[in-house]
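Input: a single structure, listed below in structure tokens.
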Amino acid sequence: MSSLNEVLAMAGLSEADIPRIVAALVLLVSLAIWKSIKPYHPPKNVPGPPCKPFVGVLHLIDKNWSTLPDFILSYDQKFGRSWAAPVPNIGLLGSCLFSLVTEENIKHVLKDEFANYEKGKNVREALGEFLGDGIFTADGPSWKHHRKVASQMFSRNLMRNGTTVALRQVKLLVEKLDKLTQPSSTSSTVDMQDMFFRMTIDVFASIAFGVELDSILSDKPHPFAVAFDEVQNLSQKRFRDPIWRWKRNLQVRSCEDEAQRGAKRRATNMIFKRLTDAERRIRKGCKTMKDFAMEVIHSKRREASNNESMGPDLLSRFLDTKNPFDGEAPGDNELRDIVMNFMIAGRDTTACALSWTLYELAKNPEVCVKVVEEIQQVCNGGDAAASRSRTFSDAEYSYENIGNLTYTHAVAMEVLRLHPSVPVDIKFAVKADKLPDGTFIPAGSSVLYSPYAMGRNEKIWGVDAKKFKPERFVDDGKISEPSQYKFTTFNAGYRLCLGKPLAMLEIKLALAMLLPRFKFSIANGHKGGYQSTLVLPMAPELMMTVTKR
Ligand code: HEM
């Protein structure tokens with residue numbers, strides 16, 4: 001105490017001044033914290049939702065989280081230009097979130113000033129265990145490297161193998177639906193979204209790893225499929241949880257402590273176990289997936305060294321491919337990340353698109369009739385009976401025939417305009433910048449663009465924007481491809497989706513095999529609700545009445 005008095009005396013103060021000193025310190029620290037987290041309020045000419053002191057629009061984002069795409073749409077449509085949403089700089093969004101609305105702003109961020117807008121370390125961290133060191137989360141030179149390697153995958157061979165694999169899996173789905181609708185006069189109520197998620201995990205595991213997970217017919221899903229779904233769901237939740245890093249670290253430490261110190265620590269750990277349950281499940285799920293991938297990689301390497309003939313799957317194709325940068329063959333971890341990123345990219349996106357397609361076709365029976373007619377004409381030579389038969393010839397569903405399904409292609413595009421599998425995307429500004437419409441973007445801000453909001457915006461697609469009208473993508477009997485900056489479902493610019501042709505092929509092939517054989521109608525009066533996640537699954541599930549034709 002005496003030394004404190006001495007210090008105070010040296011500063012010309014006494015003990016009576018202590019409360020004032022403490023108050024001043026608290027004020028200084030608070031000011032410093034506030035300065036670092038305070039929301040950025042743009043000038044008056046940039047519109048935005050109503051703000052509250054301190055929190056900006058955080059309360060609105062939180063309140064509308066479950067319908068975020070529609071929340072963005074309402075303001076995109078209201079303002080018709082980029083708008084700003086100030087938020088405290090404590091989470092993932094920087095101190096202000098800007099929504100891009102027009103084609104020219106999208107092009108500016110995704111192409112013209114591409115190097116200035118990156119995914120950023122927050123996204124990399126939140127999805128890191130799941131995506132590994134892969135194309136989805138990488139930026140800069142690392143992304144360039146991944147993009148070049150990934151581009152090699154999307155060859156004609158991949159498309160042909162994709163056709164063979166999908167044909168096999170849709171056959172199994174037909175078999176399953178046949179069983180569910182026995183005897184043939186009955187109809188059955190089936191969750192078709194669940195069916196499509198099962199089918200697509202099998203399709204992409206087969207294309208990527210060359211293994212069969214058998215999810216469609218079996219009652220108990222494969223452990224890899226369970227882990228894949230669980231880790232994906234839980235990782236997404238980190239975006240809403242500002243303390244997820246803390247929970248992850250705590251979880252790791254508490255597990256280690258328990259192992260090291262035994263019973264004494266167990267009681268404390270019990271308290272943390274509940275709090276860190278999701279993080280523990282992510283860890284466990286990632287281990288299951290990694291072990292599975294490694295087992296397959298090692299067995300493929302053994303086959304290769306025994307000069308056995310290798311399959312058409314990506315893993316086998318990549319085993320010996322030289323890396324375009326260093327001329328080396330990829331190591332186990334690199335191989336694992338390449339194929340896992342491929343699966344993550346393709347599986348849920350395609351399953352969501354197929355679910356929404358059945359939903360829209362059930363709501364628009366006249367469109368469904370035209371699709372079935374086209375399929376019968378192009379794939380089955382106009383023979384309606386052949387289109388319903390349970391023998392499937394490869395020639396009917398060849399890569400070329402599927403490519404000739406123009407109207408069906410337009411239907412899939414229209415579904416993806418209204419129900420884009422990735423409804424909202426986000427980037428972070430490295431340096432301060434100005435959008436083409438003059439909006440100033442401070443360094444570190446987040447810029448968001450929503451394919452969902454853009455796809456339904458009347459200022460972009462006209463007054464019938466919300467109407468399901470596949471004809472908007474057909475011109476003179478051919479597909480009329482919209483500008484990628486207007487139709488952003490597959491992203492745009494340098495990070496344009498590499499899998500679009502494969503995705504469209506899988507969707508059309510599934511429709512070609514299912515629609516002539518079964519009638520699907522909505523069973524539970526589904527109103528088109530969705531679950532707001534990184535992808536856009538239907539919510540609740542998609543219960544459909546399935547009847548044999
Ligand atoms: C309907 C189906 C699909 C949709 C709507 C879709 C949409 C997208 C979107 C929006 C992105 C950009 C993500 C971002 O950077 O934030 C993307 C990237 C990507 N997609 Fe797709 N995708 C689909 C299917 C597929 C399939 C089947 C594959 C292949 C298996 C695939 C491979 C990729 C890859 C590799 C990227 C990363 C591109 C890069 O960052 O350079 N996608 N996709």
Side-chain angles (χ1 to χ4, degrees), residues 69 106 109-111 114 117-120 123-124 126-127 131 133-155 158-159 161-163 165-166 196 199-201 203-209 236 239 313-314 337-357 409 411-428 446-452 454-455 484-485 487-511 534-537:
I106 297 275
V109 167
L110 297 182
K111 181 148 188 275
F114 174 72
Y117 293 93
E118 55 176 33
K119 294 232 167 169
V123 171
R124 240 184 325 278
L127 303 177
L131 300 179
D133 175 25
I135 187 167
F136 267 104
T137 47
D139 281 313
S142 164
W143 166 77
K144 243 187 198 159
H145 165 89
H146 285 299
R147 177 93 186 177
K148 196 153 187 179
V149 174
S151 304
Q152 297 181 336
M153 298 194 302
F154 292 88
S155 60
L158 172 75
M159 299 296 281
N161 184 36
T163 316
V165 170
F196 287 139
M199 184 185 96
T200 49
I201 194 144
V203 167
F204 286 94
S206 179
I207 299 177
F209 291 106
Q236 289 173 9
F239 286 96
D313 57 279
L314 282 177
D337 290 347
I338 291 171
V339 287
M340 281 300 292
N341 271 255
F342 175 91
M343 280 199 66
I344 288 152
R347 190 282 184 116
D348 287 15
T349 46
T350 310
C352 290
L354 277 166
S355 308
W356 286 110
T357 307
H409 190 98
V411 167
M413 294 279 283
E414 183 66 345
V415 168
L416 286 165
R417 178 181 72 86
L418 290 169
H419 312 282
S421 307
V422 181
V424 180
D425 216 329
I426 194 164
K427 298 276 183 292
F428 295 87
S446 46
V447 294
L448 167 157
Y449 50 103
S450 166
Y452 179 96
M454 287 187 78
Q484 44 176 276
Y485 303 104
F487 181 85
T488 52
T489 293
F490 289 99
N491 214 29
Y494 293 108
R495 292 191 90 138
L496 184 69
C497 170
L498 280 167
K500 181 181 171 191
L502 180 63
M504 295 303 281
L505 175 98
E506 300 289 330
I507 294 167
K508 286 184 284 177
L509 183 69
L511 296 178
L534 292 184
V535 285
L536 195 71

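Computed from a prediction, not measured in an experiment: that's the story for all the values here. Note that ligands are numbered from 1 as they come in the structure, with each ligand's atoms numbered from 1 the same way. FYI, side chains are in, hydrogens and waters are out, and symmetry mates aren't considered; it's all heavy atoms of this structure.
Protein heavy atom nearest atom 15 (O) of ligand 1, with residue, atom name and distance: K119 NZ, 2.8 Å. Of all protein heavy atoms, the one closest to atom 13 (C) of ligand 1 is D425 OD2, 3.6 Å. Scanning all protein heavy atoms for the shortest distance to atom 24 (C) of ligand 1 gives T349 OG1, 3.4 Å. Given atom 20 (N) of ligand 1, the protein heavy atom at minimum distance is C497 SG, 3.2 Å. In this structure, the protein non-hydrogen atom closest to atom 28 (C) of ligand 1 is G499 CA, 3.4 Å.
Ring geometry, F342 versus F154: the interplanar angle falls from 30° to 60°, so the pair is classed tilted.
Each of the following atoms of ligand 1 lies closer than 4.0 Å to a heavy atom of F154: 29 (C). Every atom of ligand 1 with a heavy atom of A503 under 4.0 Å away is listed here by number and element: 2 (C), 24 (C), 27 (C). Atoms of ligand 1 found under 4.0 Å from any heavy atom of V422 (numbered from 1 in listed order, with element): 10 (C).
Nearest to atom 37 (C) of ligand 1 by heavy-atom distance, out of L416, I135, V123, is I135.
A donor-acceptor contact closer than 3.5 angstrom is absent between the side chains of K111 and Y485. Defined by atom type and a distance below 3.5 Å, a donor-acceptor pair is missing between the side-chain atoms of D139 and Y117.
Of all the heavy atoms of N491, the ones lying under 4.0 Å from any atom of ligand 1 are found in both the backbone and the side chain. Of all the heavy atoms of A345, the ones lying under 4.0 Å from any atom of ligand 1 are found in both the backbone and the side chain.
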